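What follows is one structure encoded as structure tokens, with my remarks underneath.
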Amino acid sequence: MERSEQTLIRLEKLGKLRELGIDPYPLRPATVGEIEYKTQELLDNFEDLSSEEKEVSTAGRIIAIRKHGKSVFMHLQDMTGKIQLLFRLNITGEEKFNLIDYLDIGDYIGVRGILFKTRTGENTMDVHKWDLLAKSLHPLPEKWHGLKDIELRIRKRYLDLSINPETREIFIKRAKIIQFIRDFLNGRNFLEVETPILQALYGGAFATPFTTYHQTMDMELFLRIADELYLKKLIIGDLDRVYEISKNFRNEGIDRTHNPEFTSLELYQAYTDYYGMMELTEELLGFIASELLCGLNVTFNEKEISVEKPFQRVTMFDAVKEHAGIDIKGSSVEALKKYCKDNEIELPQRLSFWKLVEKIFDEKVQPNLIQPTFILDYPIELSPLAKRKPGDPELVERFELFIGGLEIANAFSELNDPIDQRERFERQMELRREGEEETQELDEDFLLAVEHGMPPTGGLGIGIDRLVMLFTDTQSIREVILFPLTRSK
RNA sequence: GAGGGUGUAGCUCAGGUGGUAGAGCAACGGCCUUUUAAGCCGUGGGCCGAAGGUUCGAAUCCUUCCACCCUCACCA
């Protein structure tokens, strides 16, 4: 491996430290003792701690050094924040003071000293004792511009997190959002469960799976594309309210809103339906917003969005009529094709009525759905696991929630009629024979479970990554996933 | 998968029409005991993404490849 000039210099310092009998990677601090405080705790309790003039300790990574001859300022960072340190020759003693020459930005040290306020008013630790805790062999990216290169930020996420406070902020928020979801659902007697990631048969969504292989069972396996079928089996097992926050895997393209592995929440609640899921969704988002932002307004992509309930409810028909200016009720494939041509919309690969509607919706409607909007009543052809809508044989009781132009949630009144469910699966097989690429597999095991009796149930899926994008005002899914997929270099 | 763009020092970026590389930060050597993008004086650092080609001469022009970004297609 090629070493940069700066790394060679650091390796040299490391060698010299060892010659002096100082372990650059000690098990624990040699002189500082126990690390008692996080940096933010020192600042939060500054008045008390500084007035007592008691020695306190902390530890972290050196992120800045300013040498002034016989005194040195540093900034020390940990997860909670950063604090300024002052080293003075007459306080630390000459031997220890001179060792500062072997320290670099990026090194970890433990410090013990007294808190005081500098002339310019910054709360600072006057360091009495310090120990090197770990030497860094590479310089940290520049303090002023930070690490900007998106590729480096992803490949070296540790540097991004260390250097760019905004990045750290996003992932702290992400953790909080997931915690709030758990708090909300646990408070409503939902049971958190785990279902298999490795599955012999995949289902619950339209997607291409990743395949893998179990050696000793000599078995082809799929990484799950959705939790749906397993969670419904739990409903059938009379676990009335269940949810899972899980990674799903889809072997498809990557773009601003798609990563091959992504996190979703799926929940199922017996004895309710998609109306119940709408209310639950409204309350869940309101809960997250008020816990996270102390309010119901969020800025996303320079737009003010309110997650105050109730959200708008618009049928797919009405939404297309309103935003695309075309009445699809009673329309025909030919009319929709003409509309696409007139509006410079590329035609989908298969020219079925609903594929065309879906395309027009994606192009003309979705980008306009900025305020939270439930789009209701989807075609049965695209929803083989949802219950029929009374009075319309073409539609099912299903909604998708759009916010800020992003598809955030998908829910339906779950199909619990085993006869109908079997027919739907068979229809999927038929579509496959006709050349449809993505269809759902007939799952006998699941059907058998439904045949044992499944209560009326509402089901809801929420894309966690996109939800985090919404609440952190980020425009790419890669900004909210710690290690998005990249090619190996 | 298709089209467009980017790749120069550890980081952030400059380098009209080809003449063999520059800044700030970081680093190194000095001076400096309350600075904070510390300051001042001085120094080093680059196979200009990779491989070919055109040319007397390529960071610059051409070809291929690699990685990333944007748009589109597939999808949530």
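Keep in mind that the numbers below use all heavy atoms, side chains included, and drop hydrogens, waters and symmetry copies. In what follows, chains are A, B, ... by sequence order, proteins preceding strands, each numbered from 1. If you're wondering where the values come from, they're calculated on a predicted model, not measured in any experiment.
- When the P atom is compared between B:C72 and B:C48, the two are found 36 Å apart, to the nearest whole Å.
- A distance-only check finds a donor-acceptor pair linking the side chain of A:R10 to the backbone of A:S136 [under 3.5 Å].
- Atom C1' of B:C70 sits at a distance of 32 Å from the matching atom of B:U54, rounded to the whole Å.
- A distance of about 15 Å separates the P atoms of B:G57 and B:G18, rounded to the whole Å.
- Applying the salt bridge (Lys or Arg N to Asp or Glu O under 4.0 Å) definition to pairs two or more places apart or across chains, none involves residues 43-54 of chain A.
- Base engagement by A:Q84 is indicated by at least one non-hydrogen atom pair under 4.0 Å involving a base atom.
- Taking a 4.0 Å limit (strictly below) on heavy-atom distances, residues 45-55 of chain A does not reach RNA chain B anywhere.
- Separating the CG atom of A:L265 from the P atom of B:A76 is a distance of 17 Å, rounded to the nearest angstrom.
- Close to B:A67, at under 4.0 Å from its OP1 or OP2, lies a side-chain N or O of A:R487.
- Between A:A64 and A:D104, the residue whose closest nucleotide on RNA chain B is further toward the 5' end is A:D104.
- Here A:N259 lies in heavy-atom contact (under 4.0 Å) with a base.
- Among the protein residues, A:G463 comes within range of no part of the nucleic acid, since none of its heavy atoms lies under 4.0 Å from any strand.
- Of the nucleotides present, none pairs with B:A73 by Watson-Crick or G-U wobble criteria with both distances under 3.5 Å.
- Residues A:I225 and A:N248 come closest through the heavy atom pair O-ND2, 3.5 Å.
- Comparing B:C11 with B:G49, their P atoms sit 13 Å apart, to the nearest whole Å.
- Checked against B:A76, B:U34, B:U36, the side chain of A:E252 finds its nearest nucleotide in B:A76.
- Taking the ring centre of A:F300 as origin, the terminal cationic atom of A:K303 falls outside the region bounded by 6.0 Å and 45° from the ring axis.
- Note on A:F206: only backbone sugar-phosphate atoms sit closer than 4.0 angstrom, heavy atoms only; bases stay farther off.
- Spacing of P atoms, B:A23 relative to B:C41, comes out at 15 Å, to the nearest Å.
- Rounded to an integer number of Å, the gap from CD1 of A:I375 to C1' of B:A76 is 16 Å.
- Which of B:A76, B:A37, B:C28 sits closest to the side chain of A:E407 comes down to B:A76.
- Between A:E400 and A:L485, the residue anchored nearer the 5' end of RNA chain B, judged by the nucleotide with its closest heavy atom, is A:L485.
- Both distances falling under 3.5 Å, in either a Watson-Crick or a G-U wobble arrangement, occur for no nucleotide opposite B:U20.
- Note: CZ (A:F87) to C1' (B:U36) measures 15 Å, nearest angstrom.
- Residue side chain A:W144 fails the stacking definition with respect to B:G24, as its ring centre and the base's six-membered ring centre are not both under 5.5 angstrom apart and under 30 degrees in plane angle.
- Taking a 6.0 Å sphere around NZ of A:K38, one finds it holds more than 12 heavy atoms contributed by other residues, nucleotides or ligands.
- With hydrogens and angles left out, the side-chain atoms of A:T39 and A:D78 include a donor and acceptor closer than 3.5 Å.
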Inset, instruction - If a protein heavy atom is under 4.0 Å from the base, mark B; if only from the sugar-phosphate, S; if neither, -; do that for nucleotides 4-15 of chain B going 5' to 3'. - result: ------BBSS--
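- On the P atoms, B:G15 is 14 Å away from B:G19, given to the nearest whole Å.
- For A:T92, there are no side-chain hydrogen bond (donor to acceptor under 3.5 Å, both in side chains) partners, not counting sequence neighbours.
- Here B:C31 sits opposite B:G39 as a Watson-Crick or G-U wobble pair (both hydrogen-bonding atom distances under 3.5 Å).
- If you take atom C1' in B:C32 and the same atom in B:G42, they sit 16 Å apart, rounded to whole Å.
- Pairing for B:U54 is absent, judged as Watson-Crick or G-U wobble with the two contacts each under 3.5 Å.
- A:K13 places its NZ atom 13 Å from the P atom of B:A26, with the value rounded to the nearest Å.
- What separates CZ of A:F249 from P of B:C74 is a distance of 24 Å, to the nearest Å.
- Of the listed residues (A:T118, A:N123, A:L43), just one forms a side chain to side chain contact (heavy atoms under 4.5 Å, CB included) with A:Q84, and that residue is A:T118.
- Between B:U36 and A:R119, no contact under 4.0 Å exists linking OP1 or OP2 to a side-chain N or O.
- Look at CG on A:L8: it is 13 Å from C1' on B:G44, rounded to the nearest Å.
- Among the atoms of the strands shown, none is found under 4.0 Å from any heavy atom of A:N248.
- Using a cutoff of 4.0 Å between basic side-chain nitrogens and carboxylate oxygens, A:E479 and A:R174 are not scored as salt-bridged.
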Legend entry - Evaluation steps, salt bridge (Lys or Arg N to Asp or Glu O under 4.0 Å), between A:E142 and A:K148: CA-CA 10 Å; A:E142 200 218 341; A:K148 283 189 171 174; over 6 Å; no
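- Regarding A:D126, its CG atom lies at a distance of 14 Å from the P atom of B:U35, rounded to whole Å.
- Nearest heavy-atom pair across A:I62 and A:L103 is CD1-CD1, 4.0 Å.
- When heavy atoms are screened at a 4.0 angstrom cut-off, A:T7 is found touching no nucleic acid atom at all.
- B:A14 and B:A9 have their C1' atoms separated by 13 Å, given to the nearest Å.
- Applying the ring pair (Phe, Tyr, Trp, His ring centres under 6.0 Å) test to pairs two or more places apart or on separate chains, those with a residue in residues 37-85 of chain A are A:H68-A:F73.
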Inset, instruction - Kindly indicate, with the supporting measurements, whether the criterion salt bridge (Lys or Arg N to Asp or Glu O under 4.0 Å) is fulfilled by A:R427 and A:E430. - result: CA-CA 5 Å; A:R427 171 67 184 145; A:E430 208 174 295; 2.9 Å; yes
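- Across all strands shown, B:C65 pairs with B:G49; the Watson-Crick or G-U wobble distances both stay below 3.5 Å.
- For B:U34, its base never sits under 3.5 Å from the side chain of A:T120 at any donor and acceptor pair.
- With respect to A:D104 and A:K135, a salt bridge is recorded, a charged nitrogen being found less than 4.0 Å from a carboxylate O.
- Between the P atom of B:A27 and the CG atom of A:D107 lies a distance of 11 Å, rounded to the nearest Å.
- Counting non-hydrogen atoms of neighbouring residues, nucleotides and ligands closer than 6.0 angstrom, the NZ atom of A:K338 reaches no more than 12 such neighbours.
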Which pairs, protein N/O on one side and nucleotides 69-72 of chain B N/O on the other, fall under 3.5 Å?
unit_1: B:C69; atom_1: OP1; unit_2: A:R478; atom_2: NH1; d: 3.0
unit_1: B:U71; atom_1: OP1; unit_2: A:R256; atom_2: NH1; d: 2.7

